[in-house]
Q: 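One structure coming up, written as structure tokens, with questions to follow.
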There are 2 protein chains.
Amino acid sequence: MSLRIALLGLLTTAGAASGYDLTKKFGVSINHVWQAQHSQIYPELVKMEADGLITVLEEGARGRKIYAITEDGSRTLREWMLDFHPTAPPRSETALHTFLLPLLETDEAIEAVTRLREHFATRLAQLESIPPAPEGYRFGQFALQLGLAQSRACLEWADGVIDQLKASSR
Amino acid sequence: MSLRIALLGLLTTAGAASGYDLTKKFGVSINHVWQAQHSQIYPELVKMEADGLITVLEEGARGRKIYAITEDGSRTLREWMLDFHPTAPPRSETALHTFLLPLLETDEAIEAVTRLREHFATRLAQLESIPPAPEGYRFGQFALQLGLAQSRACLEWADGVIDQLKASSR
DNA sequence: GAGCGCATGTAAGCTGTTACATGATTCT
DNA sequence: AGAATCATGTAACAGCTTACATGCGCTC
């Protein structure tokens, strides 16, 4: 379901586009929020057209098909936005690793958490490099703020854990 | 792969157990970090036994099979812990919803974010109700701290967004 | 005409969800 | 005797990844 929503969202926020264009967009704008490969996108667009959520506006060179969202598609997207109820993501490899940290010796654990810290710092830097919305109210603005808040929290957590581990090794 | 790791981790931290026991454990101890249904666990245990990571210690009443981790299993788990490199989770329904918030009218968006806020508050309360490790260095302790830090960050984010939306509606 | 980027597709395989199915034991 | 719980499995399906496959159009 969410892939459809992401595609409908992109077609709304960025206008009509081909599967190829949409694939590229998943690599940039919406990237920190949702991702998909072309092998998943092309078949999904075919199904969405069959369901009347999008239409082919034109067929260009090299079999390029430009899709646009339909009334039905807009309604579906809006309903999803209004109905949405969050659920906690049930699986996180990083959290699993963290859960099992006491399996390692203290110095090994410090090394492992330092690696995590690096990762969080890199992610934070990436998000900080995205230019903020200039004014008003833009797509992705709030998601970016959420990503920043979470990255900062993770970074602080890693620093705290490293301190705890160092204290316990003395 | 990670399901295996979670199972090996549980067999290490909580000792030998049946598929049924492990299923229940995914419903409590490790629950905020990883989850699995019995329909996924039973076949996985069979494959893990075939791969020599676990063995059947005894077969009890009602076909109950008690599994224990093997040397090979412990080595695999330890190697995973040492090799682990985090990756950013590429998909979050909540972040996608957040990304598309500007599709809604301001008052609708406020309502939607208020629902998110509720969700984060509930999650935080759940994690806070887990008793902290009494002393020293326990399995799950750092993962719990991570969950708390992230939940608090999400809650603050929601409050900030609600403020921004209210300011923009005036 | 060789190579690159554009553009779309298919297939195999893994992970995870939901539902179906069965039988044993314990408790009331 | 009936219900609840213990205990294990299978099947169908959805979502996603990786790899394979093909052909057009532009530029050097």
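Bear in mind that the values here come from a model prediction, so they are computed numbers and not experimental data. Proteins get letters first, then strands, A, B, ... in listed order; numbering begins at 1 in each.
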Q: Contact between B:Thr94 and B:Phe120 at the side-chain level, heavy atoms closer than 4.5 Å - yes or no?
A: yes
Q: What is the separation between atom CD1 on B:Ile41 and atom C1' on D:dT8, rounded to the nearest whole Å?
A: 12 Å
Q: Looking at A:Ile41, A:Asn31, A:Val33, which one forms a side-chain contact (heavy atoms from CB on, under 4.5 Å) with A:Phe26?
A: A:Ile41
Q: Does this structure show an ion pair linking B:Asp72 with B:Arg75, if we count only N-O contacts that are shorter than 4.0 Å?
A: yes
Q: Kindly indicate whether the side chain of B:Leu10, heavy atoms from C-beta on, has any atom under 4.5 Å from the side chain of B:Ile30.
A: yes
Q: Output yes when a side-chain donor or acceptor of A:Thr70 lies under 3.5 Å from a complementary backbone atom of A:Gly52, and no otherwise.
A: yes
Q: For A:Gln35, does its backbone N or O pair with a side-chain atom of B:Arg91 as donor and acceptor, under 3.5 Å?
A: yes
Q: Quick one: B:Arg64 CZ to D:dA7 P, roughly how many Å, whole number?
A: 4 Å
Q: Please produce a list of atom pairs where a protein N or O lies less than 3.5 Å from an N or O of nucleotides 25-28 of chain D.
A:
none

Q: If you take any heavy atom closer than 4.0 Å to DNA chain C, which residues from residues 6-31 of chain B end up in contact?
A: none
Q: Determine, for A:Arg64 against A:Glu59, whether the closest basic-nitrogen to carboxylate-oxygen distance falls under 4.0 angstrom.
A: no
Q: Base contacts versus sugar-phosphate-only contacts with protein, heavy atoms under 4.0 Å: please encode nucleotides 14-20 of chain D as B, S and - from 5' to 3'.
A: -SSBBB-
Q: Would you check if B:Ile66 and B:Val56 make a side-chain contact, meaning some heavy-atom pair closer than 4.5 Å?
A: no
Q: Find out whether B:Trp80 and B:Arg4 are in side-chain contact, i.e. whether some heavy atom of one side chain is under 4.5 Å from a heavy atom of the other.
A: no
Q: Between P on D:dA21 and OH on A:Tyr42, what's the gap in Å once rounded to a whole number?
A: 19 Å
Q: What is the distance, to the nearest angstrom, from the CD1 atom on B:Ile5 to the P atom on C:dG16?
A: 12 Å
Q: What is the distance from CZ of B:Arg4 to P of C:dG16, rounded to the nearest Å?
A: 12 Å
Q: If the threshold is 4.0 Å, N to carboxylate O, is there a salt bridge linking B:Arg123 and B:Glu128?
A: no
Q: Under a 4.0 Å N-O cut-off, is there an ion pair linking A:Glu105 with B:Arg78?
A: no
Q: In whole angstrom, give the distance that lies between atom CD of B:Glu59 and atom C1' of D:dC6.
A: 16 Å
